[in-house]
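All values derive from a computational prediction rather than experimental measurement. Note on naming: letters A, B, ... go to the chains in the order of the sequence lines (proteins, then strands), and numbering restarts at 1 for each one.
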Protein chains: 2
Amino acid sequence: MSKKQEPGAAVRATIRDVASAAKTGKTSVSRYLNGEKDLLSDALKERIGRAIALLDYQPSQMARSLKSGQTRLIGLIIADITNPYSVEVMRGVEAACRQEGLTLLVCNTNNELDQEKHYLQLLSSYRVDGIVVNAVGMREAAISTLQQANLPMVLIDRKVANFACDVIGLNNVEATQMMTDHLLQQGFEALLFISEPATINTRLERLRTFLQRMQQSPQHIAEQCEIEISNTEALENMLREFIARHSDKRKAVMCVNGTLTLQVARAMRRLGIVWGQDIGLSGFDELAWAELAGVGITTLKQPTYEMGVAALSQLVARIQGNTDPVKDLEFSGELIARGSTAAR
Amino acid sequence: MSKKQEPGAAVRATIRDVASAAKTGKTSVSRYLNGEKDLLSDALKERIGRAIALLDYQPSQMARSLKSGQTRLIGLIIADITNPYSVEVMRGVEAACRQEGLTLLVCNTNNELDQEKHYLQLLSSYRVDGIVVNAVGMREAAISTLQQANLPMVLIDRKVANFACDVIGLNNVEATQMMTDHLLQQGFEALLFISEPATINTRLERLRTFLQRMQQSPQHIAEQCEIEISNTEALENMLREFIARHSDKRKAVMCVNGTLTLQVARAMRRLGIVWGQDIGLSGFDELAWAELAGVGITTLKQPTYEMGVAALSQLVARIQGNTDPVKDLEFSGELIARGSTAAR
DNA sequence: CTGTTAGCGCATTCAC
DNA sequence: GTGAATGCGCTAACAG
């Protein structure tokens with residue numbers, strides 16, 4: 001039973017190898033790596049340093065974490081990495097992690113509950129110090145798993161029912177009012193709120209606020225619909241019908257998020273409907289290409305980066321033992337008006 | 001010294017706790033979790049199952065991996081998560097991982113060499129089974145680190161000089177020829193190749209092919225320039241001058257990647273230059289909004305998802321001990337012609 | 001069928 | 001200053 005090795009698996013030097021190569025004990029090597037200080041004689045330090053370089057030794061974080069119980073790792077679970085919104089938030093979290101000397105591990109759940117559960121489980125079992133979660137939904141199935149893993153956690157954008165946890169998100173009421181008021185001010189008379197069927201609080205809050213606001217202007221028409229984002233046909237029909245229904249009025253649509261805005265714009269393009277002319281178009285989430293699409297698309301920009309930073313900051317506080325009551329951190333959005341909602 | 005606990009850190013039950021709660025030994029619990037099979041009596045299985053549920057026990061992957069030396073973890077290092085191209089590749093890698101029962105950990109280096117080194121080190125020290133890398137650059141600094149970590153690795157898109165490693169990428173020669181030929185066929189007479197200064201092979205190959213192809217049509221003008229993506233002013237000047245220089249000719253630009261195409265389009269918009277009319281516009285990488293930007297932007301679409309799948313597939317082969325000579329897997333791109341390069 | 005034992009690689013008392 | 005011994009949580013031989 002000599003040092004037989006698998007074809008691909010290289011031999012990893014251990015602390016023991018280094019110790020014997022440096023003709024010393026494991027303790028000194030460990031000290032060299034951590035405490036270091038001045039507890040070692042120069043001669044020993046020299047020998048150990050050479051041995052490490054020679055063997056290309058890398059301490060095993062596995063073993064190290066097992067011993068210490070600390071990983072300095074943060075998990076970020078994202079529902080849809082395809083969404084630029086999420087990516088921007090991630091960048092904020094990442095920058096903040098670096099600041100704190102933490103390392104970020106990102107997991108994409110692809111909007112699937114199974115995956116969310118899997119990653120939650122995984123990160124927990126690897127004993128990350130904390131998790132930032134952009135939850136898939138607020139259905140019950142996820143909740144149990146989330147509660148089960150009782151480690152510091154912060155939610156982003158989407159809340160989870162019956163789960164007490166800090167949440168970082170947009171001030172949806174304020175934002176939706178801004179957007180609705182903007183459309184009304186620009187002279188639109190019939191408004192359509194388009195959303196996906198997902199049962200997330202973000203969608204519900206925006207929709208509710210929209211409807212409430214519209215009730216204050218009974219002379220205007222408020223409609224809403226839910227469509228599967230991938231069902232292009234349904235989307236097209238919906239737009240066509242909305243326009244036909246209000247042929248004599250100035251119409252506008254409001255999309256609940258950026259991904260949807262993209263699909264709606266595409267559908268309009270296919271149908272030959274021109275935003276800013278035939279119809280008003282606006283949506284939540286800023287889009288990098290918003291100004292390039294025809295006369296430009298009006299968006300509601302979220303301070304995504306700052307939100308990411310705030311999420312990590314709150315998480316770190318929890319990790320450090322902060323036990324204040326659960327907080328709901330709401331950020332203000334910014335309306336960026338473009339040609340798609342220009343007044344007549 | 002009783003069970004004193006830190007404020008935030010919850011007590012995690014260990015296998016020993018479960019064993020004693022179930023009035024049995026650790027081995028049986030371990031068996032229950034792994035081998036399971038039918039080595040356990042029903043009564044014992046019952047007891048253990050209850051104990052696990054009661055204590056909310058979750059085995060520590062740390063300890064488990066330490067013992068087995070296997071993590072079933074794959075690391076993905078991405079240079080710029082902001083780039084939709086990377087995200088699409090990630091989705092392919094992810095799907096393939098799921099297929100193989102592997103778990104993907106994503107790290108974003110933000111195009112910083114330091115971060116790349118850090119993550120490489122980290123993933124290696126956590127003994128992931130393999131790494132898929134979208135390298136920051138091909139400068140020497142990175143190479144040493146890459147070589148140091150001698151664990152299965154596959155490169156995506158960008159090669160690293162002097163580092164023998166499988167690479168999955170686009171067939172840049174073919175793709176560039178397609179794009180160049182397309183522009184010439186559409187009647188453009190002066191072509192400008194715009195790229196970022198980064199020293200990555202992808203850029204160089206595309207540029208080289210472009211210049212070579214243009215040499216075969218001496219009657220046409222070929223120019224090239226490098227600009228910092230964040231330097232909007234330089235970009236605008238460059239465009240203005242190119243247009244002024246060839247006022248009597250049909251002109252077109254070719255952007256080396258999608259991020260750049262976005263910036264170029266923005267700059268044109270600011271300058272009042274209309275693509276498809278004043279100038280031709282095309283770029284590598286498909287863009288979700290390409291058809292929405294004015295008359296549409298011509299792009300060269302890469303089979304990103306498939307590339308991600310292929311990358312993981314090759315990595316798995318290496319992990320399983322495949323020692324074939326290093327491969328260069330090149331995928332064919334697809335030219336998607338849109339209004340921005342329409343013939344007169 | 002089930003429990004005891006011995007490490008995986010490392011950090012850490014505690015002696016020398 | 002330095003090193004031997006112990007245990008983190010878990011798996012796998014090896015006995016009963």
With sequence neighbours excluded, residues passing salt bridge (Lys or Arg N to Asp or Glu O under 4.0 Å) with A:D328: A:K159
Can you name the salt bridge (Lys or Arg N to Asp or Glu O under 4.0 Å) partners of B:R16, sequence neighbours left out?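 With neighbours one apart ignored, the set is empty.
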Please list, for nucleotides 5-9 of chain D, all pairs of protein and nucleotide N/O atoms separated by less than 3.5 Å.
residue, atom, partner, partner atom, Å
D:dG7, N2, A:K67, NZ, 3.1

Between A:T109 (side chain) and A:I78 (backbone), is there a donor-acceptor pair under 3.5 Å?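 Present.
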Could you pull out every donor-acceptor pair under 3.5 Å between side chains of residues 61-70 of chain A and any protein atom, sequence neighbours left out?
residue, atom, partner, partner atom, Å
A:S65, OG, A:Q61, O, 2.9
A:S65, OG, B:Y126, OH, 3.4
A:S68, OG, A:R64, O, 3.2
A:S68, OG, A:Q70, N, 3.1
A:S68, OG, A:Q70, O, 3.2

Mind calculating the distance between [atom1] ([X]) and [atom2] ([N]) to the nearest angstrom?
X     : N      : atom1 : atom2 : result
B:R72 : D:dT11 : CZ    : C1'   : 17 Å
A:E46 : D:dG1  : CD    : C1'   : 17 Å
B:Q61 : C:dC8  : CD    : P     : 20 Å
B:L33 : D:dA12 : CG    : C1'   : 14 Å

Does B:S30 put a side-chain nitrogen or oxygen below 4.0 Å from OP1 or OP2 of D:dT11?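 The answer is yes; a side-chain N or O of B:S30 sits under 4.0 Å from OP1 or OP2.
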Give a yes/no on whether any side-chain N or O of B:S65 is located under 4.0 angstrom from OP1 or OP2 of D:dC10.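 Negative; the distance criterion is not met.
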No-H, no-angle donor-acceptor pair, A:R31 side chain to D:dG1 base, under 3.5 Å: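 Answer no: no donor N or O sits under 3.5 Å from an acceptor.
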Mapping B:R47 and B:S68 onto DNA chain C by nearest heavy atom, which one lands closer to the 5' end? B:R47
Go through the structure and list residues passing side chain to side chain contact (heavy atoms under 4.5 Å, CB included) with A:A311, not counting sequence neighbours.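 Partners of A:A311 under the side chain to side chain contact (heavy atoms under 4.5 Å, CB included) test: A:V132, A:V154, A:I156, A:I168.
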Mind checking what makes side chain to side chain contact (heavy atoms under 4.5 Å, CB included) contact with B:D324, not counting sequence neighbours? B:R318, B:N322
When the axes are fitted on five pairs at both termini, how much does the helix from C:dC1-D:dG16 to C:dC16-D:dG1 curve, in 10° steps?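 The helix from C:dC1-D:dG16 to C:dC16-D:dG1 shows an end-to-end axis angle of 50°.
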Do any pairs count as a salt bridge (charged side-chain N to carboxylate O under 4.0 Å, His left out) and have a residue in residues 87-109 of chain A, sequence neighbours left out, and if so which ones? A:R98-B:E112
Pairs in or reaching into residues 69-83 of chain B: which pass salt bridge (charged side-chain N to carboxylate O under 4.0 Å, His left out), with residues at least two apart or in two chains?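 The answer is none; no pair qualifies.
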Nearest-0.5 Å distance, CG of residue B:N201 to CG of residue B:D157: 7.5 Å
